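To find a chain, count down the sequence lines: A is the first, B the second, and so on, and within it residues start at 1. Computed over heavy atoms, backbone and side chain alike; hydrogens, waters and symmetry mates excluded. Because the structure is predicted, anything quoted here is derived from the model rather than measured.
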Amino acid sequence: MKATFRSIEGTYDILPTSRRAVRRSEAWQHVEGVIRDMMQRFAFQEIRTPVLEPLSLIARGVGEASDIVTKEMFAFIRGRTHYVLRPEMTAPVMRAYLQHHLEQHPGEQRLFYMGPCFRAERPQKGRYRQFHQFGVEILGAIDPRADAEVISCALEIYGALGLTGTTLRINTLGDADSRVRYIEALCAYFAPYEAKLTSASQQRLQKNPLRILDTKVQAERALVREAPRLIDYVDSESRAHYEAVKALLDEVNISYTEDPHLVRGLDYYTRTAFEIEGAGLGAQNALAGGGRYDLLSQSIGSSRSVPAVGFAAGMERLLLALEAGGQPWPAAGVVDTYLLGLGEAAAPVLFVLAHQLRRKGLSVIQGPRWRSMKAQLRTAHRLKARCCVIVGDNEVATGQATAKDMAQGTQQLVSFDALPDYLLSYLR
RNA sequence: GUGACCGUAGCUCAGGUGGUUAGAGCGCCAGGUUGUGGCCCUGGAGGUCGGGGGUUCAAGUCCCCUCGGUCACCCCA
């Protein structure tokens, strides 16, 4: 039989049975559990925002003209409203912060999120049209401690999952003026070489000069190495902030490499910028990225300045990296108890038993009564059931079920009434 | 948006230069004597070879188009 519909390009189903971790629900649950646990240790509380946001929220943050708005987002109009499927979470979190006046709450706001985001890009390894991000935002914090804490949180999550081979790169972007001055210097530096650049880089020189820094063309990389360094254009307060962040990272032995060419394309980013890369990910090897965005609140129209720092991380890339690292996944059984029926008389008995056992907190499933005992036991074995309860005509007649221990292979007659307590004590 | 490679059973894949009823392993189902799983043995179901068109006496195999997948470029919030 041929399937008629498929999931949309760049989207995929997460199933209980998939061989690949990225597409297996059990793997997701495990990773999500570790993330939530770590968020709690850092006292980050969960925020859930709608998948739909006003287009202008995203567009204003990003700048109207860029490819991001025109090509990379799922946007549509309905009635008079322009909608967008959120492409990331930082702007929505800031929107919620401003909308609900969270600055009125005591101290900084420490929020984490986990959920689907959408970008209309061509899919490739580690890049999907519906993908999932988790991350944290500390809003209302100017302290370099917050920057370091955010970095630490991301790394602790990866560590707790047993992921190895991650590398941390950091840089400082300075304030808005620093970047304006730097971009001028960069353009001045590249201008004499313009004819030699690839057409892509020539366009970047016009539209987004900072992006020349991460060109993949070998000849251009040599030019980039000699290019002016952002750090030399950064204001003194930002430098002091940067030094403070590094000092804190040193205190807890977080190793990093300083990358003077690590930049952000959007204007609302300030000061600290960092990226964590993973192994075995292909071209899209950034596991997480983050930093400070002290100017975001104003760039989305608020009169209020909200200093903030955070990171965003890709779930799919994390799963991919864990898979590439050969991490074994904890394999859980599907059920505690498999109720095996033989013949119609067993039907009401099993239904009642299942009800009682579930009330006691056990995980229970009933086998199909019309199939052979052998087939049902085989199924029970595959589900990793720890015991089977067998009820056929004999058991119905005597009021006693056969309880079978699947690991030992032993079995015992137990009256229906006593069965819930018997199994409960047996399985504990 | 651009490019490369790929598309044969549920899954992973075989099917030299086109030639008769399309294969394997795993998985699934059923048996191997009465109501007992794992190992082993036997059998079975399951495919319009992604779809459409063309070349040919003959196409899974060649050509074109199309739709998917994968990876890379572009972009990267």
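- What separates CG of A/Asp13 from C1' of B/C11 is a distance of 16 Å, to the nearest Å.
- Rounded to whole Å, atom P of B/C75 lies 10 Å from atom CD1 of A/Ile212.
- For A/Asp336, the salt bridge (charged side-chain N to carboxylate O under 4.0 Å, His left out) test picks out no residue, with sequence neighbours left out.
- Scanning residues 295-309 of chain A for heavy-atom distances under 4.0 Å to RNA chain B yields an empty list.
- Considering only residues two or more places apart in sequence or on other chains, A/Asp232 meets the side chain to side chain donor-acceptor pair (under 3.5 Å) condition with none of them.
- Here A/Asn208 lies in heavy-atom contact (under 4.0 Å) with sugar-phosphate atoms only.
- In this structure A/Glu26 satisfies the salt bridge (charged side-chain N to carboxylate O under 4.0 Å, His left out) test together with A/Arg24, sequence neighbours excluded.
- To the nearest whole angstrom, the two C1' atoms, one in B/U8 and one in B/U48, are 13 Å apart.
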If a protein heavy atom is under 4.0 Å from the base, mark B; if only from the sugar-phosphate, S; if neither, -; do that for nucleotides 33-45 of chain B going 5' to 3'.
--BBBB-------

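- Remark: A/Arg110 engages A/Glu149 in a salt bridge, criterion side-chain N to carboxylate O under 4.0 Å.
- Atom CZ of A/Arg119 and atom P of B/C74 are 17 Å apart (whole Å).
- In terms of the salt bridge (charged side-chain N to carboxylate O under 4.0 Å, His left out) criterion, A/Glu237 has no residue partners (sequence neighbours excluded).
- Regarding A/Gln203, its CD atom lies at a distance of 11 Å from the P atom of B/C76, rounded to whole Å.
- Rounded to an integer number of Å, the gap from CH2 of A/Trp370 to P of B/A30 is 12 Å.
- Relative ring orientation between A/Phe44 and A/Phe42 is described as parallel, the plane-to-plane angle staying below 30° on a 0-90° scale split at 30° and 60°.
- Atom CZ of A/Arg317 and atom P of B/C76 are 14 Å apart (whole Å).
- The side chain to side chain contact (heavy atoms under 4.5 Å, CB included) search around A/Ser297 returns A/Met94, A/Leu98, A/Ser302, A/Val306, not counting sequence neighbours.
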Can you give the dot-bracket line for RNA chain B, where a pair is Watson-Crick or G-U wobble with both atom distances under 3.5 Å, crossing pairs use [ ], and | marks a partner on another strand?
(((((((..((((.....[...)))).(((((.......))))).....(((((..]....))))))))))))....

Side-chain atoms of residues 377-392 of chain A: list all donor-acceptor pairs with protein atoms under 3.5 Å, sequence neighbours left out, distances to 0.1 Å.
unit_1, atom_1, unit_2, atom_2, d
A/Thr379, OG1, A/Ala375, O, 3.0
A/Arg386, NH1, A/Leu427, O, 3.3
A/Arg386, NH2, A/Leu427, O, 2.9

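- Salt-bridge annotation for A/Arg86 and A/Glu88: absent, with no side-chain N of the basic residue lying under 4.0 Å from a carboxylate O of the acidic one.
- A/Arg86 comes within 4.0 angstrom of no nucleic acid atom, judged by non-hydrogen atoms across all strands.
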Annotated protein contacts, base or backbone, on nucleotides 67-73 of chain B with a non-hydrogen cut-off under 4.0 Å, one of B, S, - each:
-SSSBBB

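- Residue A/Trp28 comes nearest to A/Arg23 through the heavy atom pair NE1-N, 4.3 Å, listed as atom of the first residue, atom of the second, then distance.
- Shown here are the salt bridge (charged side-chain N to carboxylate O under 4.0 Å, His left out) partners of A/Asp214, two or more places apart in sequence or in another chain: A/Arg211.
- A distance below 6.0 Å separates the ring centres of A/Tyr233 and A/Tyr182.
- The same atom, C1', is picked in B/U21 and in B/U17; the two are 25 Å apart, to the nearest Å.
- In this structure, OH of A/Tyr268 is placed 12 Å from C1' of B/C76, rounded to the nearest angstrom.
- A donor-acceptor contact closer than 3.5 angstrom links the side chains of A/Thr198 and A/Glu220.
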Check residues 260-267 of chain A and write down every donor-acceptor pair under 3.5 Å in which the side-chain atom is one partner and the other belongs to a residue at least two apart or another chain.
unit_1, atom_1, unit_2, atom_2, d
A/His261, NE2, A/Val224, O, 3.3
A/Arg264, NH1, A/Gly290, O, 2.9
A/Arg264, NH2, A/Glu275, OE2, 2.9

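- The interatomic distance linking A/Gln202 (CD) with B/C75 (P) rounds to 13 Å, in whole Å.
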